[in-house]
Amino acid sequence: QVQLVESGGGLVQAGGSLRLSCAASDRGFSIRTMAWYRQPPGKQRELVATITSVYSTTYADSVKGRFTISRDNAKNTVYLQMSSLKPEDTAVYYCNRISPSYWGQGTQVTVSS
């Protein structure tokens, strides 16, 4: 019933920016906490950012000041604006709906040196 589709990934050089989008087919989208996770090559999946139904946000220490999570309930979309990208940001980025949990298919972000 719920479908999440990530887009916006790609290849960028260090210092560049990307904006990821997650389009949700979810009638209850506006009341859900949404999150972005990422999984770097050879590493465990980690939480990047969250945004609640009342627009409260959290960020991993590694991305604070560089990434911004936002949402547009009219479009049922959550975004992750990524700036000052570093090679260590290279990962597959996943959109997640919290409680109950649903996942998107992921989008690849590759940051070159």
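Excluded from the calculations below are hydrogen atoms, water molecules and symmetry mates; all remaining heavy atoms, backbone and side chain alike, are included.
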Engineer: Can you list every pair that meets disulfide (SG to SG under 2.5 Å) and has a residue in residues 46-87, with sequence neighbours left out?
Structural biologist: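 Every pair satisfying disulfide (SG to SG under 2.5 Å) with a residue in residues 46-87: there are none.
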Engineer: For residues 45-91, pull every pair meeting disulfide (SG to SG under 2.5 Å), keeping only residues two or more places apart or in separate chains.
Structural biologist: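 Pairs touching residues 45-91 that pass the test: none.
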Engineer: List for me each residue that meets side-chain hydrogen bond (donor to acceptor under 3.5 Å, both in side chains) alongside Glu46, sequence neighbours excluded, and say none if there are none.
Structural biologist: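 For Glu46 the side-chain hydrogen bond (donor to acceptor under 3.5 Å, both in side chains) partners, ignoring immediate neighbours, are Arg38.
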Engineer: Considering only distance and modelled atom types, tabulate donor-acceptor pairs under 3.5 Å from the side chains of residues 10-26, sequence neighbours left out.
Structural biologist:
{"from": "Asp26", "atom 1": "OD1", "to": "Gly28", "atom 2": "N", "distance (Å)": "2.9"}
{"from": "Asp26", "atom 1": "OD1", "to": "Arg97", "atom 2": "NH1", "distance (Å)": "3.3"}
{"from": "Asp26", "atom 1": "OD2", "to": "Arg97", "atom 2": "NH1", "distance (Å)": "2.9"}

Engineer: With sequence neighbours left out, what residues match Ser53 under side-chain hydrogen bond (donor to acceptor under 3.5 Å, both in side chains)?
Structural biologist: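 Residues passing side-chain hydrogen bond (donor to acceptor under 3.5 Å, both in side chains) with Ser53: none at all.
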Engineer: Determine which pairs satisfy ring pair (Phe, Tyr, Trp, His ring centres under 6.0 Å) with at least one residue from residues 93-113, sequence neighbours left out, and list them in order.
Structural biologist: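 Qualifying pairs: Tyr37-Trp103.
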Engineer: Who are the side-chain hydrogen bond (donor to acceptor under 3.5 Å, both in side chains) partners of Thr110, not counting sequence neighbours?
Structural biologist: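 Testing Thr110 for side-chain hydrogen bond (donor to acceptor under 3.5 Å, both in side chains), a comparison that skips the adjacent residues, returns Gln108.
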Engineer: Taking only residues two or more places apart in sequence or in another chain, which ones pass salt bridge (Lys or Arg N to Asp or Glu O under 4.0 Å) with Lys43?
Structural biologist: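 Lys43: no salt bridge (Lys or Arg N to Asp or Glu O under 4.0 Å) contacts found.
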Engineer: Can you list every disulfide (SG to SG under 2.5 Å) pair that touches residues 29-82, not counting sequence neighbours?
Structural biologist: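 Listed by first then second residue: nothing to list.
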Engineer: Only counting residues at least two apart or in another chain, list the ones meeting ring pair (Phe, Tyr, Trp, His ring centres under 6.0 Å) with Phe29.
Structural biologist: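 Residues passing ring pair (Phe, Tyr, Trp, His ring centres under 6.0 Å) with Phe29: none at all.
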Engineer: Restricting to salt bridge (Lys or Arg N to Asp or Glu O under 4.0 Å), what partner residues turn up for Glu88, sequence neighbours left out?
Structural biologist: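 Not a single residue meets the salt bridge (Lys or Arg N to Asp or Glu O under 4.0 Å) criterion with Glu88.
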Engineer: Which residue pairs pass the ring pair (Phe, Tyr, Trp, His ring centres under 6.0 Å) test when at least one of the two sits in residues 40-85, sequence neighbours left out?
Structural biologist: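 Those involving residues 40-85 do not exist here.
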